[in-house]
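Heads up: the structure comes next, in structure tokens.
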Amino acid sequence: VNDISRRTLLGLGLKSLAVLGAGGCLGRFGRLYAAAPATQDYKALVCIFMMGGNDGNNLIVPIKTDSQTYSDYFGVRGATLGLPQDKLLPISTANGKETYALHPNLGPLKELYDGDLRGKLAFLVNVGTLLKPITKAEYQQGGTAPANLFSHSDQQQQWQLATGPGSSNAGWGGRAAKIVSTDKSAHAFPPGISTAGNSLFLAGEIPHVSFGKGGLGLEGSNGWPDTVAREGAFQEIITFKTGMSLIQKANQVTAQSLEAAKELQGALSSASALKTSFPDTNLAQQLKQVAQIVSVRENLGVGCQIFFVSFGDFDTHSSAVPRQQALLTDLAASMSAFYRATVELGIEKQVLTFTESEFGRTLQPSSGAGSDHAWGSHHIVMGGAVKTADIYGTFPLLALKGPDDVTGRGVWLPTTSLDQYCATLASWFGVPDDSLTAVFPNLTNFHPRKLAFL
Amino acid sequence: MPRRMLWFILWFALLAAAFAQQPALTVSTLASIAAAPVKPGHPQMSYLAAARFLEQASWGPNAESINHLQDVGFDAWLAEQFAAPPSLYKDSDYNSENLTVQQSEFFVHATAGLDQLRQRMAFALGQIAVVSGMKTGQPRQMVPYQNMLLEDAFGTYAKLLRDVTLSPTMGVYLDMVNNDKGDPALGTSPNENYVREMLQLFSIGTVGLHADGTAADRATYDQATIIDMARALTGWTFPGKAISQGHNPENFSGPMIAVEANHDRGKKVILGGKLLPADQSAEQDLEDVLKAISTHPNVAPFVSLRLIQHLVTSNPSPAYLGRVSKVFTTSGGDLKAVVTQILKDPEARRGDDPGAAPDTTGGHWREPVLFVVGLMRNMGATVSPNNTLERFTAVIGQRLFYPTSVFNDYSPLYHTSDGLLAPEFELLSSATALGRANVVRNFVERKFAGDAVFDFAPFLALAESPPALVDAVDHTFLYGRLPPELKPTIVTAISATRDLNKRVRNAIYLVASSSWYQVEH
């Protein structure tokens with residue numbers, strides 16, 4: 001069942017790529033230009049959002065650490081959700097003192113951690129939404145914690161907005177890009193780009209567009225006078241001031257789309273095709289689209305770009321092991337291809353990719369061989385800018401009702417806040433230190449404000 | 001051969017093909033309707049008022065339905081709709097692995113079915129209590145669920161919630177089926193998925209609400225409540241023979257049944273702090289849970305807001321929502337009474353009078369399914385039984401029967417950057433904005449790849465005079481509300497060719513792709 005649905009979905013997802021790919025085809029007609037050299041200060045941040053709440057407990061497993069071993073993990077997860085030790089992919093912390101292991105299907109990411117492409121990957125453990133530091137006892141007595149912790153929509157929103165006292169209701173990606181983006185002119189190509197439809201992450205502060213299903217641009221303008229006139233009238237109609245809010249808003253989105261699509265089509269028409277091959281999955285094709293847009297950054301005249309990519313259903317309440325296995329296989333292969341594409345473009349140090357997901361999942365299995373909504377979870381940062389391949393943060397103690405478990409089902413109180421994690425990324429992107437709390441208002445409550453992975 | 005010449009030849013070939021397949025339809029009485037916007041039988045109901053009402057209460061007006069509504073009036077029309085038998089999905093192809101047959105059926109029902117309001121209600125309710133073909137994508141799963149929504153569309157909301165809760169399709173989608181009490185040997189706990197999403201998305205939401213929908217500053221439940229309510233809903237399996245332990249094999253025909261041995265018999269504290277004593281049966285616990293939910297004060301404003309948004313406007317005033325919410329409460333959640341208030345409320349009817357000041361924040365953007373069906377109904381189209389129209393909604397962001405998650409393809413709480421609620425706008429991105437114009441182009445130039453059957457003749461008859469043609473298109477799609485400032489723009493554009501077919505197509509394209517049509521208002 002799922003397989004067929006997936007394939008149908010992919011078929012749709014790829015539609016627009018065919019259009020984007022046309023840039024490469026046009027190149028064959030003699031407009032092939034060598035890839036423009038990267039501007040020294042260009043930077044791109046790419047957010048991969050794992051929708052549904054990824055089960056971090058099966059992303060990285062402790063094997064032998066200062067505080068616990070594999071048997072602590074398997075003792076709770078059991079055969080229902082526990083991954084067999086001999087299938088896991090062992091990795092060490094940078095100091096060589098502790099051993100963890102990656103999910104068996106993350107081979108391409110292990111290669112970026114300690115394999116042929118080593119040193120390009122960092123793991124951030126037990127990251128979650130927090131308003132300020134809080135102890136387990138304080139949480140259980142009703143202390144200050146984010147609202148609706150276990151609700152998909154609320155936590156997706158908080159991961160994308162990082163709102164706090166005094167902040168706008170814009171996405172943190174948009175807030176960061178507004179500070180970093182040097183080209184403030186109204187006609188600049190929008191710095192925020194989503195390949196996954198409208199995203200809260202980019203909304204609010206900056207022009208942002210999304211490319212995906214549905215093709216690029218208006219079809220049917222073939223140069224005949226009637227189609228030229230038709231397109232002209234289409235433009236006039238969407239710029240007519242109406243006084244009706246929703247009509248006005250729809251016009252605004254349409255007008256911006258038309259402009260951005262034309263500009264992007266123009267930029268792509270002189271681009272050479274990427275040589276790096278991407279898997280034929282929804283996520284990989286989104287990342288390919290990102291790589292193609294990054295490859296024409298000079299033509300677009302942008303100094304920075306921020307991307308939002310999402311996939312999943314990571315909401316594995318049942319049949320969790322096979323479902324997550326498929327998703328992580330896709331994640332690893334797609335991220336690896338994307339890294340290689342940035343190497344091909346010579347900008348692997350200027351493009352940083354990171355994961356988000358609304359929450360982790362209970363360590364304790366649920367009826368139906370799945371797990372339920374939890375809190376802190378583990379994340380991945382990838383790029384040439386990663387300082388040292390290592391596991392950053394404090395790993396939770398995998399014990400039900402243990403010191404890190406706030407509900408008794410293995411729900412981890414985060415030891416690194418979302419704000420610390422994302423402020424580190426935003427700082428690398430170019431947000432000055434004295435502006436970080438403007439982007440992440442809750443950051444004032446945490447120390448250090450930036451983490452060591454970049 | 002020059003490219004232009006090639007286009008020319010191609011164009012002619014297409015045109016010839018289009019004409020060859022045009023069946024001899026009776027030409028509608030467009031011109032006469034245009035001349036007589038007010039019918040003598042119901043002088044109080046204008047053509048505009050009837051058309052607006054039918055945008056809200058049906059899959060869109062067509063000449064016939066406008067005519068009929070003007071004849072009988074709102075009340076008689078509603079009575080007819082409440083009595084109309086549901087257009088049920090056939091129980092064929094049960095073992096198919098996809099829903100293409102049901103998608104085709106949907107478009108036949110939506111364009112031609114007489115139970116228009118019931119279909120709109122079922123569609124709206126299915127976007128509140130969501131299941132998705134992503135997980136329940138076999139007809140044997142989806143057909144009973146969709147038929148249940150159609151059957152329950154005019155019942156009480158409490159009845160719908162019970163049927164949804166015990167639906168094995170929902171049971172599979174949100175893991176309530178075979179959700180057993182915690183097993184110490186396996187180290188498992190009851191699955192929290194169904195009860196959490198049912199509370200958050202199907203009934204009350206996470207925040208306390210006043211009757212007019214404004215938020216009270218309190219949470220409706222906490223994690224401990226979720227854990228206990230998940231325990232209260234343990235022990236249900238697929239319908240079939242009564243069993244004392246284990247699970248029944250997959251079966252989607254009928255409600256789930258209880259297996260007491262799998263039910264957690266400990267005491268629980270559920271919504272509203274109500275204590276369920278130990279040793280209650282699965283049925284007793286279920287009754288108590290459903291009662292606690294359907295009597296919660298949030299249900300009326302929560303459900304009313306969503307139904308108003310789907311049918312009439314994204315941003316109802318607190319007063320409008322309050323009036324609907326009150327009917328919800330006093331009628332015991334009777335959806336007939338609720339939808340009657342929604343449709344007849346002065347706020348919904350305000351735009352019927354072209355002289356009244358417009359509700360500048362009113363209306364709602366047509367979601368893709370409503371958009372594609374509405375286009376066809378405005379043109380009086382019929383569709384073939386084995387149509388593949390679903391691809392035209394999918395390409396602009398809505399895969400019929402396959403929403404991306406239980407949160408539906410768009411959120412009732414999505415708002416624009418100006419803070420206006422605009423749920424469907426979550427689907428309006430740069431990718432889909434132009435995609436919608438491209439869908440209209442396919443409609444006028446290819447008739448949805450031949451799946452929509454309609455006749456341009458009434459428009460062709462007027463095409464020698466571009467102003468008359470634009471008036472007719474305005475009349476058909478906007479009921480005469482095209483801003484006068486835009487008329488010369490369209491007249492000039494369509495006058496760029498002497499080809500009357502192109503004039504007609506371009507005029508419809510420009511009006512139907514405009515935000516004036518895309519936003520029902």
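Only heavy atoms go into these numbers, but all of them, side chains included; no hydrogens, no water, no symmetry mates. Within every chain, numbering begins at 1; the chains are lettered A, B, ... in the order of the sequence lines, protein sequences first and strands thereafter.
Looking only at heavy-atom pairs under 4.5 Å with chain A, the residue among B/V406, B/N506, B/D359 that has the most is B/N506. If you tally non-hydrogen atom pairs under 4.5 Å between each of B/T360, B/N442, B/L174 and chain A, the highest count goes to B/T360. Comparing B/Y221, B/F425, B/W365 by heavy-atom pairs within less than 4.5 Å of chain A, the highest count is held by B/F425. Most heavy-atom pairs under 4.5 Å with chain B, from the set A/L400, A/L258, A/T407: that is A/L258. Of all the listed residues (A/H152, A/M51, A/H208), the one sharing the greatest number of non-hydrogen pairs under 4.5 Å with chain B is A/H152. Put simply, of B/D418, B/T416, B/N315, B/N191, the one with the most heavy-atom pairs under 4.5 Å next to chain A is B/N191. Taking B/L99, B/V519, B/N193, B/T188 one by one and counting their heavy-atom pairs under 4.5 Å with chain A, the maximum is reached by B/N193. When the candidates B/L486, B/T361, B/T497, B/V177 are compared by the number of heavy-atom contacts under 4.5 Å with chain A, B/L486 comes out ahead. Interface remark: of the candidates A/G197, A/G220, A/G312, A/G220 forms the most heavy-atom pairs closer than 4.5 Å to chain B. Counting heavy-atom pairs closer than 4.5 Å to chain B, the top-ranked of the candidates A/S366, A/S371, A/G370 is A/S366. Between chain B and the residues A/L149, A/L81, A/I237, the most heavy-atom pairs under 4.5 angstrom are made by A/I237. Here A/V253 is the residue among A/V253, A/T227, A/D315, A/V411 with the most heavy-atom pairs under 4.5 Å with chain B.
Using a 4.5 Å cut-off between heavy atoms, B/P190 touches chain A through its backbone atoms (N, CA, C, O) alone. For B/L201, no part sits under 4.5 Å from any heavy atom of chain A, backbone or side chain. For a residue to count as touching a neighbouring chain, one of its non-hydrogen atoms must lie under 4.5 Å from one of that chain's; by this rule B/Y414 touches chain A with the side chain only. Both the backbone and the side chain of B/L186 come within contact range of chain A, judged by heavy atoms closer than 4.5 Å. Interface residue B/S189: backbone and side-chain heavy atoms are both found under 4.5 Å from chain A. Interface remark: B/N178 contributes backbone atoms only to the contact with chain A (heavy atom separation under 4.5 Å). The contact between B/L428 and chain A is made by backbone and side chain atoms together, counting heavy-atom distances below 4.5 Å. Interface residue B/S314: only side-chain heavy atoms are found under 4.5 Å from chain A. Using a 4.5 Å cut-off between heavy atoms, A/N251 touches chain B through backbone and side chain atoms alike. The contact between A/A261 and chain B is made entirely by side chain atoms (from C-beta outward), counting heavy-atom distances below 4.5 Å. There is no contact between B/D222 and chain A, counting heavy-atom distances below 4.5 Å. A/T242 touches chain B through backbone and side chain together, each having a heavy atom under 4.5 Å away. Of the atoms belonging to A/T80, it is side-chain heavy atoms, and not backbone ones, that fall under 4.5 Å from chain B. With a 4.5 Å cut-off on non-hydrogen atoms, A/F234 touches chain B through its backbone and its side chain both. Within the 4.5 angstrom heavy-atom criterion, only side-chain atoms of A/R409, from C-beta onward, approach chain B.
Across B/A512 and B/Y517, no two heavy atoms sit closer than the pair O-CD2, 3.4 Å. Across all their heavy atoms, B/R399 and B/A394 have their closest contact at CG-CB, 3.8 Å. Minimum heavy-atom separation, A/F211 to A/I193: CD1-CG2, 4.0 Å. Residues A/A79 and A/F74 share a closest heavy-atom pair of N-CZ, 3.8 Å. For A/S367 against B/D180, the heavy-atom pair with the smallest separation is OG-N, 3.0 Å.
Between the side chains of A/K249 and B/S515, not a single donor N or O lies within less than 3.5 Å of an accepting N or O. A donor-acceptor contact under 3.5 angstrom links the side chains of A/T195 and A/Q286, judged on distance only. Side-chain atoms of A/S151 and B/Q200 form a donor-acceptor pair, as typed in the model, at a separation below 3.5 Å. Checking B/E192 against A/H373 by side-chain atom types alone, no donor-acceptor pair falls below 3.5 Å.
The pair A/D55-A/R77 meets the salt-bridge criterion, with a side-chain N (NZ, NE, NH1 or NH2) lying under 4.0 Å from an Asp/Glu carboxylate O. The pair A/E231-A/K262 meets the salt-bridge criterion, with a side-chain N (NZ, NE, NH1 or NH2) lying under 4.0 Å from an Asp/Glu carboxylate O. A salt bridge is absent between A/R175 and A/E205: the closest approach of a Lys/Arg side-chain nitrogen to an acidic carboxylate oxygen does not fall below 4.0 angstrom. Under the 4.0 Å criterion applied to side-chain N and carboxylate O atoms, A/R230 and B/E445 are assigned as salt-bridge partners.
You'll find the ring centres of A/Y139 and A/W375 inside the 6.0 Å limit.
Atoms CZ and OG, on A/F307 and A/S199 in that order, are 12.0 Å from each other to the nearest 0.5 Å.
Taking 4.5 Å as the limit, some side-chain heavy atom of A/M244 sits within range of a side-chain heavy atom of B/P358.
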